[in-house]
Amino acid sequence: MSNIKKIAIYPGSFDPLTNGHVDVIERALEIFDEVIVAVLHNPSKRSLFSSAERVEMIRQSMNGLKPVQVDTFDGLLVEYARMKNAVAVIRGMRAISDFENEFQMALMNRKLNKDVQSVFLMTGLRWIFTSSSIIKEAAQFGGDISDMVPEPVKIKLMEKFPKLN
Ligand code: PNS
């Protein structure tokens, strides 16, 4: 057995982090020694929260959980993975509808860097219908999303959408 730490990158927009994401992070920690949650910093992509806000919410939600690092990245994901000495990229899978896009991305990433494996983890059944975008939409109109996101995210959503309480 090698003593080298197995690091995985969990990349995404995380606009914002959901309980589905947290579930994937927890599962990934059962396989890897360290998980780097990497928030895409892309100023040209419209997002509700800035990348700094997204990072802060993830840090608060992970509550200092040791093997989890939170960072931002831009440019090519596989280059970032190489820089971090990661062996894998984690992606959560919900329904079949996720598959096509994920398949294409995984193949492109593999073409660009054969040393990084894409690992797909099935999201817990409870979270199969949730996504950051549908949660934002519900929150915007005052829908109760409190059991779908960690508490620090709920607080930030309430600041953005005062109707939510
Ligand atoms: O949460 P998302 O929006 O589904 O995450 C998509 C993400 C950030 C993983 C993807 O857009 C990405 O990796 N962007 C960085 C650029 C890149 O390397 N793209 C894939 C190969 S072209």
Side-chain angles (χ1 to χ4, degrees), residues 6-29 31-32 34-62 65 67-140 145 148-150 152-154 156-157 160:
K6 288 231 182 302
I7 301 172
I9 309 285
Y10 181 33
S13 304
F14 302 107
D15 186 39
L17 181 81
T18 68
N19 283 345
H21 294 132
V22 173
D23 185 64
V24 169
I25 295 169
E26 287 170 352
R27 282 159 196 257
L29 284 171
I31 309 173
F32 297 96
E34 188 180 313
V35 172
I36 303 175
V37 183
V39 175
L40 178 70
H41 176 69
N42 180 358
S44 63
K45 195 173 162 187
R46 271 193 55 196
S47 56
L48 178 64
F49 296 101
S50 70
S51 51
E53 284 178 310
R54 286 179 267 154
V55 164
E56 189 52 31
M57 280 185 280
I58 301 170
R59 287 215 172 104
Q60 287 172 353
S61 306
M62 288 295 112
L65 192 62
V68 178
Q69 306 283 327
V70 190
D71 194 10
T72 56
F73 80 105
D74 54 20
L76 272 187
L77 172 62
V78 287
E79 280 308 314
Y80 176 76
R82 197 197 304 271
M83 192 180 84
K84 292 289 176 183
N85 292 319
V87 294
V89 165
I90 305 286
R91 294 289 286 170
M93 266 296 188
R94 284 163 306 189
I96 291 287
S97 51
D98 281 342
F99 180 78
E100 204 171 307
N101 184 39
E102 293 300 330
F103 185 57
Q104 195 178 24
M105 213 156 66
L107 290 181
M108 176 56 99
N109 285 340
R110 188 166 159 71
K111 174 113 185 67
L112 297 172
N113 183 348
K114 294 218 170 354
D115 300 330
V116 178
Q117 302 301 326
S118 292
V119 173
F120 297 94
L121 295 175
M122 288 305 295
T123 304
L125 205 51
R126 277 184 77 189
W127 315 117
I128 218 100
F129 69 98
T130 62
S131 68
S132 299
S133 23
I134 205 155
I135 287 171
K136 276 183 287 190
E137 187 167 331
Q140 184 182 353
I145 44 76
M148 298 174 205
V149 293
V153 175
K154 184 187 166 196
K156 286 294 270 182
L157 280 170
K160 293 268 179 197

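Any value given below was found using the heavy atoms of this structure, including those in side chains, with hydrogens, waters and symmetry copies removed. The first residue of the sequence shown is numbered 1, and numbering continues consecutively from there. Ligands are counted one by one from 1 in listed order, and the atoms in each one are counted from 1 as well.
The protein heavy-atom contact nearest to atom 22 (S) of ligand 1 is M108 CG, 3.7 Å. Scanning the protein heavy atoms around atom 10 (C) of ligand 1, the nearest turns out to be M105 SD, 4.0 Å. Taking atom 15 (C) of ligand 1 as the reference point, the nearest protein heavy-atom neighbour is G75 O, 3.5 Å. If you check which protein heavy atom lies closest to atom 4 (O) of ligand 1, you get R91 NH2, 2.9 Å. Among all protein heavy atoms, the one lying closest to atom 12 (C) of ligand 1 is F73 CZ, 4.5 Å. Ranking protein heavy atoms by distance to atom 3 (O) of ligand 1, first place goes to S13 OG, 2.5 Å.
For M122, the CE atom is densely surrounded, since the number of other residues' heavy atoms within 6.0 Å is greater than 12. Heavy-atom neighbours of I134 CD1 from other residues, nucleotides or ligands within 6.0 Å: at or below the threshold of 12. Shown here is K114, whose NZ atom has more than 12 heavy atoms of other residues, nucleotides or ligands within 6.0 Å.
Close approach of ligand 1 to K45 is summarised as follows: ligand atoms under 4.0 Å from at least one heavy atom of the residue are 3 (O).
In terms of polar-atom proximity, L77 is counted as a contact of ligand 1, with an N or O under 3.5 Å from an N or O of the ligand. Between N109 and ligand 1, not a single N/O pair is under 3.5 Å apart.
How far CD1 of I7 is from CD of E34: 4.5 Å, rounded to the nearest 0.5 Å. A distance of 5.0 Å separates CZ of F120 from OG of S118, quoted to the nearest 0.5 Å.
Using a 4.0 Å threshold on non-hydrogen atoms, atom 19 (N) of ligand 1 does not count as touching the protein.
The distance between the ring centers of F14 and H21 falls below 6.0 angstrom.
Under the 3.5 Å distance criterion, with hydrogens and angles disregarded, a donor-acceptor pair is assigned to the side chains of S44 and N42.
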Inset, instruction - Using the side chain to side chain donor-acceptor pair (under 3.5 Å) rule, take T72 and H41 through it: C-alpha gap first, then chi angles, then the decisive distance, then the call. - result: CA-CA 6 Å; T72 56; H41 176 69; 5.8 Å; no

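When the options L40, V89, D15, I9 are ranked by their closest heavy atom to atom 11 (O) of ligand 1, first place goes to L40.
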